[in-house]
Amino acid sequence: MADINLLPQDDSTNGWNNILPARIPNPPLTDTVSTDWVVIGAGFAGLAAARRLAENRPQDQVIVLEAQTIAGAASGRNAGFAIDLPHGRQLLDDLAVMPRHTRLARGGMDYLQQQVTTHRIECQWSARGQYHGAVSAHGFSTEIEPFAKVLDQIGEPYRLLDRQQLADETGTSYYHGALYAPGAVLMNPAALVRGLGDTMPENVTIYETSPVIKAEYGEKIILTTATGVVQARQLILGTGIYTEDFGFYKRSLIPIALSASLSRSLTIPEQHALGGQEDWGLTPVGMPGVTMRYTQDHRILIRQQVEYSPGCRRSDAYRKRLRVVHQDRFNARFPMLPQVTMEHTWTGFVCVAQNQGHGFGKVSDNVHSAICQNGIGVSKGTISGLLAADLACGRDNPLIADLESLGTPNRLPPQPFLGLGVRSNFFWRNWSGRAEK
């Protein structure tokens with residue numbers, strides 16, 4: 001049995017959600033119900049698991065318990081990239097695993113594409129690719145050029161762009177250069193998660209604002225919320241950083257806070273002043289760097305600030321200070337847009353593993369997990385949830401072996417050594433990469 005003490009308490013600041021029309025959430029659980037399958041978490045992993053269970057077992061009933069509202073948590077708060085290629089050093093460290101990473105990510109992206117097309121999900125889904133940009137010449141030579149050599153070895157297409165070429169396509173001349181890879185997809189992640197949650201098969205029931213406060217494991221899974229109880233034969237966890245409270249992957253998950261700001265919509269003269277393509281996305285080469293998006297509704301996203309975050313909480317005062325930082329980063333990159341301001345600032349909480357392992361697989365007799373995608377949540381979260389459902393149903397899928405081969409999160413040192421180590425590592429990475437701010 002596990003008492004769940006760390007509950008999600010995300011706020012209503014998520015810009016991706018706030019620019020969308022109002023949505024009526026599914027009601028919370030208010031009764032005692034029995035089901036064949038229960039999934040905890042309505043993020044990319046949980047929703048993919050639930051949909052796949054419904055496809056694999058159309059006669060079974062599936063319940064999803066979401067602690068907040070759909071798209072209110074981490075899945076709706078990311079930068080809106082579905083990425084097929086891991087970046088830079090992840091490739092250079094072990095080139096042999098690259099095909100596995102790519103197959104998994106593209107499997108998840110293909111599955112999402114099917115849902116977007118079939119259910120006509122309006123989420124600004126755009127197969128635009130991504131730029132991987134370096135502010136400094138040093139960053140270009142140590143990160144971008146080695147990345148290009150790896151892509152040459154594995155036969156992946158790309159383009160290298162100098163400062164002027166990148167400015168022609170994005171409007172900003174702030175960067176020394178970039179590598180463009182065509183495989184990534186851009187979207188409004190909150191709109192995508194909403195669409196996935198609201199188009200589930202008939203044998204899937206989602207209860208929102210229903211955080212689990214107690215979990216009992218045995219022949220039957222018994223999950224208690226504040227107002228109801230679910231009894232199920234099988235459980236799949238899509239619980240992210242909160243998984244340790246459920247009794248699994250203890251002292252193996254590092255909680256990370258990622259923060260972003262989204263501008264107001266650009267006016268038509270501002271759009272002309274910016275120039276470049278209709279929409280685009282750029283990822284940085286180092287931790288201090290800025291992830292950016294230019295959206296189809298003419299907003300610019302600035303995401304910067306990666307922090308160790310035990311407790312998974314951030315205050316309004318913190319966000320107010322961060323908006324100033326993001327505005328400064330915006331102004332440096334887009335001096336032609338002096339009147340454009342940040343309209344929304346928010347934080348999302350994810351988990352990573354020290355060894356880049358994935359929290360995937362069978363963790364108990366009737367419990368499977370699909371957590372810890374190490375910052376590639378849209379594509380890897382989706383395929384992890386799908387494969388967890390296939391594994392639990394005994395369905396053969398060659399991608400299961402790919403995901404299992406990537407390992408599981410390793411054991412971490414106890415506190416206070418863990419906190420000291422993570423903060424020291426982050427300080428060093430921010431200092432050594434300061435030229436990329």
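Between W280 and Y131, the two ring planes are perpendicular [angle over 60°; tilted spans 30° to 60°]. Aromatic ring pairs are classed by plane angle as parallel below 30°, tilted from 30° to 60° and perpendicular above 60°; the pair F147 and H132 is perpendicular.
Legend: residues meeting ring-ring contact (aromatic ring centres under 6.0 Å, His included) with F140, ordered by chain and number and at least two apart, are H176. Under the salt bridge (charged side-chain N to carboxylate O under 4.0 Å, His left out) criterion, R333 pairs with no residue, sequence neighbours left out. Checked against side chain to side chain contact (heavy atoms under 4.5 Å, CB included), N410 has the following partners two or more places apart in sequence or in another chain: Q354, N355. In terms of the salt bridge (charged side-chain N to carboxylate O under 4.0 Å, His left out) criterion, residue partners of R103 (sequence neighbours excluded) are, by chain and number, D402. F246 pairs by the ring-ring contact (aromatic ring centres under 6.0 Å, His included) definition with nothing, not counting sequence neighbours. Applying the side chain to side chain contact (heavy atoms under 4.5 Å, CB included) rule to H119 yields the partners R51, Q115, I121, T199; only residues at least two apart in sequence or on another chain are considered.
Judged as a ring pair (Phe, Tyr, Trp, His ring centres under 6.0 Å), the pairs with a partner in residues 405-437 (not counting sequence neighbours) are, in order, W428-W431. Sorted by first and then second residue, the salt bridge (Lys or Arg N to Asp or Glu O under 4.0 Å) pairs involving residues 177-201 (not counting sequence neighbours) are R23-D198. Sequence neighbours left out, not one pair with a member in residues 177-189 passes salt bridge (Lys or Arg N to Asp or Glu O under 4.0 Å). Residue pairs meeting the salt bridge (Lys or Arg N to Asp or Glu O under 4.0 Å) criterion with at least one partner in residues 63-85, sequence neighbours excluded, are D11-R77, D84-R106. Each salt bridge (Lys or Arg N to Asp or Glu O under 4.0 Å) pair with one or both residues in residues 245-265, not counting sequence neighbours, appears once here: R264-E270. Among pairs with a residue in residues 315-334, those fulfilling ring pair (Phe, Tyr, Trp, His ring centres under 6.0 Å) read F330-F334, at least two apart in sequence or across chains.
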message: For a salt bridge (Lys or Arg N to Asp or Glu O under 4.0 Å) check, start with the C-alpha distance between E55 and R395, then their side-chain angles and the critical distance, and finish with the verdict.
response: CA-CA 11 Å; E55 294 170 350; R395 176 174 175 171; 5.4 Å; no
